Amino acid sequence: MKALLLCAGMGSRLKPITDLVPKPLVPINGKPLLQYWLENLSNAGVSEFMINISYLSQQFVEFVQKSEFKDSITLLYEKELLNTGGTVLANREFFGRQPFLLIHADNLSFCNFKAFLRSHKERPCHCVITMMLFKTTMPSQCGVVTLSENGIVNEFYEKVDNPPTNLANGAVYILEPAIIDFLISLNKKVIDFSCEVIPKFLGRINTYLNDIYHRDIGTIESYAMSQVEILKFLDH
């Protein structure tokens, strides 16, 4: 399976750290955040990666040149940011007509990725997306979902006051080619995945709960907490 790792953002909430280092390359226990994704996904059987870059792009070039995964990585420089859906659409030939992973790589995530991939293979036949979920302590700052009895997304709320649930979207997806067909039908270049895609597929989104660890490395506080929390995974 192939994966698109989204790394082009400026990480403005993590300033001043991201004045010098792009957020997906910030060190966590001495290792770049992006390295954890490459290791975890490769161990689960992901064989090819596309990484979109823009802000401080040369640092990604240097990272990949030194990486043991360099032969499996395609770097995509975006002069104009297309948002998540637009990047998928613009690179649809890379994915072919096979399911693929779409990941916001400014999160730190540990889970049974093989089980995540398996949950998509075993999804109800009408579902064309599998969304990774996690339980958040700050639901008003996340996109949250309500589920049917069989774990299908019924409702999606993007950063609302008084959210009805603490089940949050981890911004880690497995997508079927039908999603690309939908993106083509929008007839536009810049597409917001959360606002323009997810709401159109309610009732067709399978879910997988990451009950091990998932954190958005979005603020100085969350970044500091990740440095401590990761230690429990290094002991195993």
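If you're wondering where the values come from, they're calculated on a predicted model, not measured in any experiment. Only this structure's heavy atoms are used, side chains among them; waters, hydrogens and symmetry mates stay out.
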Do the side chains of [X] and [Y] join up, straight or via other hydrophobic residues, at under 4.5 Å, putting them in one cluster?
| X | Y | result |
| --- | --- | --- |
| W37 | F95 | no |
| F193 | I103 | no |
| L75 | M10 | no |
| L167 | I129 | yes |
| I191 | F100 | yes |

Less than 4.5 Å apart, side chain to side chain, heavy atoms only: is that true for [X] and [Y]?
| X | Y | result |
| --- | --- | --- |
| F69 | L34 | no |
| K2 | F49 | no |
| I217 | N107 | no |

Open item on the list: Once rounded to the nearest 0.5 Å, what's the spacing between atom OG1 of T130 and atom CD1 of I205?
Closed with: 9.5 Å
Task: Spatial distance of atom SG (C111) from atom CG (N40) [nearest 0.5 Å] - done: 8.0 Å
Taking atom types as modelled, find out whether [X] and [Y] have a side-chain donor-acceptor pair closer than 3.5 angstrom.
| X | Y | value |
| --- | --- | --- |
| S148 | N150 | yes |
| S54 | S57 | no |
| E48 | T74 | no |

Open item on the list: Assess whether a salt bridge exists between R92 and D181, defined as any Lys/Arg side-chain N lying under 4.0 Å from an Asp/Glu carboxylate O.
Closed with: no
Task: Charged N-O contact under 4.0 Å between D216 and R13 - done: yes
- [ ] Just do the salt bridge (charged side-chain N to carboxylate O under 4.0 Å, His left out) check on R123 and E176 with the steps written out, would you?
- [x] CA-CA 12 Å; R123 72 194 186 281; E176 287 294 311; 3.4 Å; yes
Open item on the list: Applying side-chain contact (heavy atoms from CB on, under 4.5 Å) to T165 and V144, what does each step give before you reach the verdict?
Closed with: CA-CA 7 Å; T165 173; V144 299; 3.8 Å; yes
- [ ] Assert yes or no for the condition that the ring centre distance of F134 to Y213 is strictly below 6.0 Å.
- [x] no
Task: Output field: ring centroids F201/F182 closer than 6.0 Å - done: yes
Open item on the list: Can you see whether Y36 has K31 sitting over its ring - NZ or CZ less than 6.0 Å from the centre and within 45° of the normal?
Closed with: yes
TODO: Walk me through it: do I184 and L89 pass the test side-chain contact (heavy atoms from CB on, under 4.5 Å)?
DONE: CA-CA 7 Å; I184 293 172; L89 177 61; 3.5 Å; yes
TODO: Please step through side-chain hydrogen bond (donor to acceptor under 3.5 Å, both in side chains) for the pair E221 and Y223, ending with a clear verdict.
DONE: CA-CA 5 Å; E221 180 184 21; Y223 178 50; over 6 Å; no
Task: Pair V26-I17, side-chain contact (heavy atoms from CB on, under 4.5 Å): steps then yes or no - done: CA-CA 8 Å; V26 295; I17 295 171; 3.9 Å; yes
TODO: Carefully, step by step, assess N210 and S109 under the rule side-chain contact (heavy atoms from CB on, under 4.5 Å).
DONE: CA-CA 8 Å; N210 178 353; S109 190; 3.1 Å; yes
